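Not measured: the values here are computed from a predicted model. Indexing begins at 1, ligand by ligand and atom by atom, following the structure's order.
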Amino acid sequence: MKIICPFFYLNLNDALEELKAMNESACDLIEIRLDRAKAYKIEDLIQLVAHAKKKCILTLRSKQDGGEANMDHAVYEKKIIELFQVPDVIVDLELLHLQHFQDTRFKQYLDRCIISYHNFNKTPDNLNEIWKQMDIYQPYIEKVACMPQSKEDVLTLLLSCYEHKTISKKCAISMSDMGMISRIIGEMFGSEYTFCSLTTSSAPGQLPLEKMVEYLNILD
Ligand SMILES: O=C1C[C@@](O)(C(=O)O)C[C@@H](O)[C@@H]1O
């Protein structure tokens, strides 16, 4: 299972420091969360990513999906299209917004997109439908992260990933302490990526990187 560590971009200088720690760590990919930044410039992101020794993911997580960026569909779309100017990165695209996109330009970049669905309140009943909605786009990665309200919800989420056949790679996360196990054993259910924290946690239930490495080594 590939390990992704997130950090929040606030300004270029701090981000370069964060990136240094990520470069030296055991993570496989780096997620740069842009939604906490007051502003960012595409030129700065290009410069930042040029210093990365690992693949970077750019994520502008909206309030509706549990992040901090407050914007309507049109503004989100404009900002996401801009992010594709940064070479070689993977861009996280929220299904909720994607379904309202007017511009079709993103289609040429689907092989470097994660399409994501988040639910910070519950694990919905229609997980199969959600995975299928992502299939329409055939992105590089399909990701579903939900909050469990019971242990059954954790299993439901993992099983939905296991049963969902797609050519995209998959990432399934059950959040919070209750769902933490999904981050460790996800691969047995077809989830190829897991998020954990090096310097910052970006969601409930993320394990510290060194613990994750330890657990994954045991399962190996
Ligand atoms: O989508 C995800 C998954 C995540 O929410 C998690 O549960 O680890 C963490 C976010 O940073 C990332 O964008």
| query | Between Ile184, Asp220, Thr194, Leu219, which is the residue that forms a side-chain contact (heavy atoms from CB on, under 4.5 Å) with Met1? | reply | Thr194

| Near Gln206, which atoms of ligand 1 are under 4.0 Å from a heavy atom of that residue? | 6 (C), 8 (O), 9 (C)

| request: Take the angle between the ring planes of His97 and His73 and call it parallel below 30°, perpendicular above 60°, tilted in between. | output: perpendicular

| task | Measure from atom 10 (C) of ligand 1 to every heavy atom in Met175, Arg61, Glu94, Arg33 and give the option owning the shortest one. | result | Arg33

| said: I want to confirm something. Looking only at heavy atoms, which of Ala203, Pro204, Cys5 is nearest to atom 5 (O) of ligand 1? | reply: Ala203

| field | Over all atoms of both residues, closest heavy-atom pair of Met178 and Ser150 | value | SD-C, 3.3 Å

| Parallel, tilted or perpendicular: which describes the rings of Phe101 and Tyr76, with under 30° parallel and over 60° perpendicular? | tilted

| task | Any atoms of ligand 1 less than 4.0 Å from a non-hydrogen atom of Ser202? List them with their elements. | result | 9 (C), 10 (C), 11 (O)

| query | Looking at Glu31, which atoms of ligand 1 are within less than 4.0 Å of one of its heavy atoms? | reply | 10 (C), 11 (O), 12 (C), 13 (O)

| said: Any nitrogen or oxygen of Asp92, side chain or backbone, less than 3.5 Å from one on ligand 1? | reply: no

| query | Looking only at N/O atoms, are Thr59 and ligand 1 under 3.5 Å apart anywhere? | reply | no

| message | Let me check something: do Phe195 and Leu198 share a hydrophobic cluster, defined by ILVMFWY side-chain heavy atoms less than 4.5 Å apart, either directly or through other members? | response | no

| said: To check your reading of the model: name the closest protein heavy atom to atom 2 (C) of ligand 1, its residue, and the distance in Å. | reply: Lys143 NZ, 3.2 Å

| query | If you draw the axis of the six-membered ring of Tyr162, does the NZ or CZ of Lys165 fall within 45° of it and under 6.0 Å from the ring centre? | reply | yes

